[in-house]
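Both counts, for ligands and for their atoms, begin at 1 and track the order of listing. For clarity, every value in this text was computed on a predicted model and none was experimentally measured.
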Amino acid sequence: MKVKTDNFTVVIFGANSDLAARKLYPSLYELAQWGHLPDQYRIIGVGRSALSNEDFRSLVHEKLLTFSPGIVLDEFSFKAFCSRFFYVKLDFKDFDSYQDLYKEVMAVSHEASLCEHILYYLATPPDLAPVIIRNLDQAGLGGKKESCGGWIKIIVEKPYGRDLETARQLNVVIGEVFREDQIFRIDHYLGKEPVQNIMVFRFSNGIFEPLWTRNFIANVEITIAEDFGIRDRGTFYEEAGLLRDIIQNHALQLLAAVAMEPPVNLSADSVRDEKAKVLRSIRPFTAATAGESVILGQYEGYRAEKNVAPDSTVETFAALKFYIDNWRWKDVPFFVKAGKNLAETQTRIVITFKCPPQNYFGPAESCSYTSNQVILSIQPEETIALRFGAKRPGEAVITDPVYMKFDYKTSFAEEGMTPYHRLLLDAIAGEQMNFIRQDSVEHSWEIVDAIRESVQGTPSEPYPIHSSGPESAARIYS
Ligand code: BG6
């Protein structure tokens, strides 16, 4: 899809951020290479450091070489790409410095109005978002200044606020400056091919959905495990912790995709209505139930990481038991486990079905050995497997678990896009289905705030690096 706009400008706040270096520059470069960007586009990097346009271009070059070694950087196309980059030094909190940004944005505008197509990208810490948005508005660059057929949109990176209160405040501020259809709250998990496929798997096949209820499903397990630590993000992690970093967004979005009702149609609002309903139906976490439904952990050595307090209590692991109090899911546990520095990197969702009423092939408890499962592997494998019991060859009638498997890599010749490619294109096209709506952001914070409150004062349990987390995490399965 080629973006059909002229004078397209991306303004990246946080031009020196890790996110910009690892995800945004490579994605924009490849989108340009693949012919998806319009002929006239510019990328304005905004940051606190003093850089000339040339410095900024060299920095982007260096970052692409460091973080995207696989990318094809031929000199000619890279030079052409770099010539689209401009830099504005800006003190995010100082209104006066936004005048320079105004001048740069207007540099190619033919009239003294925003005929442009402008996409702001806030790759900045959450507490800066309100002040940036207010200053943009006062500088005459706010969303409501759209005119003469142009458009203005804003992508806001997660975490969106740091709790319900700050998310609400941000929603108020952003709502004063942009319309909801101009706001793209990004969770890059929603751009992953296998995550998008959850809805397709459920609603394009007749055989799964009738069984997708409490009548047939025993439990659902969602795992987001990483075999590396917080990398250089000590400052961020000390503020966020895993509940804010992973559970509030990625984990709850996976849970909503598995549990949602079929939408009325595929409009962004119909789909997001159903996800919001799931989040609203989650049984509240309380101190009374926390003992068996919330286990937080911290990997050994976390306190020695750069920019981490020596007595930090921040969690890098969570094992949680959710219930969704609605007609379809009442009393079916949804186990969610996520953590840093675990034994392996793996994101997957396992839906385990109830045992048949009569187990002919072994003692009753052996059923769980072969019980039916649908296993949606999101990464690094991109597969869907169906587990069932089969007779082991031989004289005795013994059942073993076997798998039928679909693998993206072998079933399709097409290369998928990365989440940032896809979501950037979606935002440019104004397609909001894979972005989080205001109500869902707030419901998710409500849930995470309650989880945090329910265990207030309980220290995170230490766990060895490359283990499966604290041993006590097993409590949530009881
Ligand atoms: C980010 C989190 O949103 O997602 C990181 O801030 C995490 O802590 C990352 O490592 C995982 O995303 P992916 O797509 O690399 O698995």
Side-chain angles (χ1 to χ4, degrees), residues 14 17-27 67-68 70 121-127 129 155-162 167 184-198 222-255 257 296-299 302 305-308 312 314-318 336-349 376-383 408 416-424 434-436 441 444-445 448 460 465-466 469:
S17 63
D18 200 51
L19 176 86
R22 284 176 191 271
K23 305 290 183 192
L24 302 184
Y25 300 143
S27 304
F67 294 119
S68 315
Y121 200 116
L122 300 197
T124 43
D127 56 318
I155 300 183
V156 186
E157 253 306 326
K158 62 162 274 281
Y160 189 87
R162 65 182 315 276
F184 295 78
R185 299 175 192 82
I186 196 167
D187 175 339
H188 75 280
Y189 256 57
L190 297 189
K192 289 181 191 279
E193 202 71 69
V195 174
Q196 300 202 334
N197 194 40
I198 297 174
I222 299 175
T223 306
I224 304 179
E226 291 173 327
D227 66 0
F228 50 88
I230 54 164
R231 294 188 160 139
D232 282 338
R233 300 197 304 159
T235 310
F236 167 73
Y237 239 78
E238 283 289 275
E239 265 292 301
L242 185 113
L243 289 173
R244 292 187 176 100
D245 184 35
I246 303 281
I247 304 297
Q248 191 270 345
N249 33 76
H250 307 329
L252 285 176
Q253 285 300 315
L254 292 183
L255 185 146
L296 301 184
Q298 185 187 80
Y299 64 79
Y302 172 74
E305 299 272 22
K306 199 169 132 206
N307 297 326
V308 167
S312 172
V314 162
E315 78 286 350
T316 60
F317 172 94
V336 172
K337 197 170 129 181
K340 299 276 178 194
N341 255 332
L342 295 178
E344 58 181 334
T345 294
Q346 184 189 64
T347 299
R348 66 177 200 168
I349 303 167
L376 305 164
S377 294
I378 311 292
Q379 60 187 29
E381 260 193 24
E382 298 185 338
T383 57
Y408 260 100
M417 284 188 154
T418 70
Y420 280 91
H421 290 126
R422 180 190 310 278
L423 294 176
L424 280 166
N434 293 310
F435 292 85
I436 322 280
V441 167
S444 303
W445 276 122
V448 165
S460 297
I465 284 180
H466 297 152

Nitrogen or oxygen contacts under 3.5 Å, ligand 1 side and protein side:
residue, atom, partner, partner atom, Å
ligand 1, 3 (O), Lys158, NZ, 2.7
ligand 1, 3 (O), His250, NE2, 2.7
ligand 1, 4 (O), His250, NE2, 3.3
ligand 1, 6 (O), Lys158, NZ, 3.2
ligand 1, 6 (O), Arg233, NH1, 3.3
ligand 1, 6 (O), Arg233, NH2, 3.1
ligand 1, 6 (O), Asp245, OD1, 2.5
ligand 1, 6 (O), Asp245, OD2, 3.4
ligand 1, 8 (O), Arg233, NH2, 2.5
ligand 1, 8 (O), Asp245, OD2, 2.6
ligand 1, 8 (O), Lys340, NZ, 2.6
ligand 1, 10 (O), Glu226, OE1, 3.3
ligand 1, 10 (O), Glu226, OE2, 2.6
ligand 1, 10 (O), Lys340, NZ, 3.1
ligand 1, 12 (O), His188, NE2, 3.0
ligand 1, 14 (O), His188, NE2, 2.7
ligand 1, 14 (O), Lys192, NZ, 2.5
ligand 1, 16 (O), Gln379, NE2, 2.6

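Aromatic ring pairs are classed by plane angle as parallel below 30°, tilted from 30° to 60° and perpendicular above 60°; the pair Tyr121 and Tyr420 is tilted. Ring pair Phe184/Phe435 is perpendicular by interplanar angle, where above 60° counts as perpendicular and below 30° as parallel.
The two residues Glu315 and Ala240 come nearest to each other via the heavy atoms OE2-O, 4.2 Å.
Salt bridge status for Arg348 with Glu381: absent, with no side-chain N to carboxylate O gap under 4.0 Å. A salt bridge does not link Asp18 to Arg231: none of the charged side-chain nitrogens sits closer than 4.0 Å to a carboxylate oxygen.
Side-chain atoms of Asn249 and Tyr189 form no donor-acceptor pair, as typed in the model, at a separation below 3.5 Å.
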